[in-house]
Amino acid sequence: MTDDASPPLPDAVRDRPAWRAFLHWVEGADESGSDGYRGALADGVTRTWGQLLISARETEDGNRRYDLRHVDDDRTPTDELTIHDEPAALRELRRSDAAGRYRPLTSAPTLRRGWALTDLDGAALCRAVETCYPASIPNWHREREGDLDVTHWRETAERQTGIYDLVDELAGDQVERLARACCVDSQCLKRRQWDESPDDALDVPRGDGQFPCREPCSLVVSAAREVALAEREDECDDLSLSAADRAQVERVLEAVATGEVDGVRDGDLEDGANRLRVRYLREKLFGDG
Amino acid sequence: MGDALVVAAHGSHKNPHSARPAVDHAGTIRSTGAFAEVHEAFWKEEPSFREVLRTVAADEVYVVPLFVSEGYFTEQVIPRELRLDGWDPGAWASDGLQASAATFPARDTGQRVHYCGPVGTHDAMTDVIVRRAETVTGTPEVGPGTGLAVVGHGTDRNEHSAMAIEYHAERIRARDRFDEVRALFMDEEPEVDDLTDHFESENVVLVPLFVADGYHTQEDIPADVGLVEPGAPPGAYDVPASVDGHRVWYAGAVGTEPLVAAVILQRAADAGAAVGPALESVRADVGAPPVADGGRRR
């Protein structure tokens, strides 16, 4: 298919090279020959972007239409989903998780299911994707073009002022721990492209996300402030743990860090993260008696 | 290609309501079609100040900070994060109230950014505070027999935060509409804790000059004033509430008032944006009269 035969692009797409490239990628235009591309598109093609599943198809009149839903709803019958036709619907959907908790980080893997946006044109698709994952398309495009402007930890930290002025105290292993805590795929679906500095790569896996993270985000900087304050403290010598207590502390941390704690049953007293077991340990380590 | 508007607000990692005014006002302005694109951007949410400009297709971008005063965020954080090349607070030539707009290129995108003064210090904000008093009392002619308190945070990091409060209080006082008008603060004298000491009027309307409802406006101030017992759940106050023999109408954050969208538009218009009939249509949609004394200062 030549460009001449393509339907005219809407203004919003024409003005944005990143959107044009994204739509081509969604349609699989970069990977198959033009005949294969055309044939595949007629049958419908799908792509994932964070937790979004994007389906593209070519209509009989040669226009492209797109559908969007949660990637885990790929087999959910459409009539069981709440259908929206405006990208703006994602403004609300993205703001809380399935349990109704506020999601301050759009790229956390906690996007709620049960909805679909259908029959979108290219501009509406891009707007929807950018509503769900702001700046993901331009940053992805910059990376493909070889000009993603990565800002590494050191530069971000030194730029901070006010209550975040102290985050540049963190270095080396502390930055490794921070990235391992906040930036792995279980916590954020962006692919981390920043390191401690251009010359000091972090060992933490970058993640498998489609779109890059070009700089430590505000949530990481806020976490860094709390961590930096804690890292200023000396070790205390008034707390001693038996091997069993130590194992239980490890289990409690694991359960909280992974979210498993919500599923620990009240009667499961063999689990160190069980509420009664934790209450006993709290009493032993920090209680009055 | 048309111009773009970016509404720049604080946002929050913890409070989902913090972003609400920015999202709502941006939506109102978007629906007027005055700009080719309208975006929100946040310090604590996404899109971040740092990355919003690359989501904007337009070459000319008007950035309006949805903040109550000039100071740390408007002078340091936002220009730094937007990478405004050559920014210096002196560009606004302001002593805390006069910032209108200054234009700089963004280092990472090359766009021309018309960086506007904050919403809270614009003259048109005076109208919004009065409007808020009207809506919370349900009385379009509220004023006679009633006192009005404009409430601000006070000191903190921001040396100019009290100036905006006092400025609007003075302007409302000069209109001779309310029996008494006071500027009160959470963290400095005169303090909002002693609300009823500052008013002889039985009826008092309390309008906090805050952008969004959150801990300060829904828990702190209501408890300080005595609208609720300390530790009461957020927003659990009566309107009006009875305090020391006064009837107190507590308005919550003025930033949620729909008319704030008109102030944002006015900021952009003052900076040179061609907003066409949008300003009057937004005012008409929220039932506000044509511009009283908003518009460009000086």
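We name chains A, B, ... by the order of the sequence lines, and we start the count at 1 in each one.
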Exercise. Okay, side chain of B/E46, backbone of A/Y133: is any donor-acceptor separation there less than 3.5 Å?
Worked result: no
Exercise. Is there side-chain contact between B/E51 and A/P134, with at least one heavy-atom pair below 4.5 Å?
Worked result: no
For this session: Could you tell me which portion of A/L105 (side chain, backbone, both or neither) has an atom closer than 4.5 angstrom to a non-hydrogen atom of chain B?
Result: both
Problem set entry | A/D149 vs B/R83, salt bridge (Lys or Arg N to Asp or Glu O under 4.0 Å): CA-CA, chis, key distance, verdict | CA-CA 13 Å; A/D149 49 342; B/R83 292 177 251 204; 3.6 Å; yes
Exercise. Does B/A262 have any side chain to side chain contact (heavy atoms under 4.5 Å, CB included) partners at least two apart in sequence or in another chain, and if so, which?
Worked result: B/L259, B/L279, B/V282, B/R283
Exercise. For B/S12, which residues count as a side chain to side chain contact (heavy atoms under 4.5 Å, CB included) partner, sequence neighbours excluded?
Worked result: B/K14, B/N15, B/S18, B/E45
Exercise. Checking heavy atoms, do the side chain of A/R159, its backbone, both or neither come under 4.5 Å from chain B?
Worked result: both
Seminar exercise, completed: So, the part of A/R127 with a heavy atom under 4.5 Å from chain B: the answer is neither
Exercise. Non-hydrogen atoms of chain B under 4.5 Å away: do they reach the side chain of A/S96, the backbone, both or neither?
Worked result: neither
Problem set entry | Heavy-atom contacts under 4.5 Å, residues 24-37 of chain B to chain A | B/R30, B/E37
Exercise. Any idea which of B/R50, B/Q76, B/K44 has the most non-hydrogen atom pairs under 4.5 angstrom with chain A?
Worked result: B/R50
Problem set entry | Any A/E130 side-chain heavy atom under 4.5 Å of B/H39 side chain | no
Problem set entry | Qualifying residues under side chain to side chain contact (heavy atoms under 4.5 Å, CB included), relative to A/E231, sequence neighbours excluded | A/L170, A/Q174, A/R177, A/V227
Exercise. If you look at every heavy atom in A/R142 and B/T109, which pair is closest and at what distance?
Worked result: NH2-CG2, 4.0 Å
Exercise. Donor-acceptor pair, B/Y72 side chain versus A/T161 backbone, under 3.5 Å?
Worked result: yes
Problem set entry | Short side-chain to backbone donor-acceptor contact, B/R54 and A/A135, under 3.5 Å | no
Exercise. Less than 4.0 Å between a side-chain N and a carboxylate O, is that true for A/R214 and B/D108?
Worked result: no
Problem set entry | SB check A/E158 B/R80 (cutoff 4.0 Å) | no
Exercise. Does CG in A/D147 sit with more than 12 non-hydrogen atoms of other residues, nucleotides or ligands closer than 6.0 Å?
Worked result: yes
Seminar exercise, completed: Heavy atoms of B/H13 and A/Y102 approach each other most closely as O-CE2, 3.4 Å
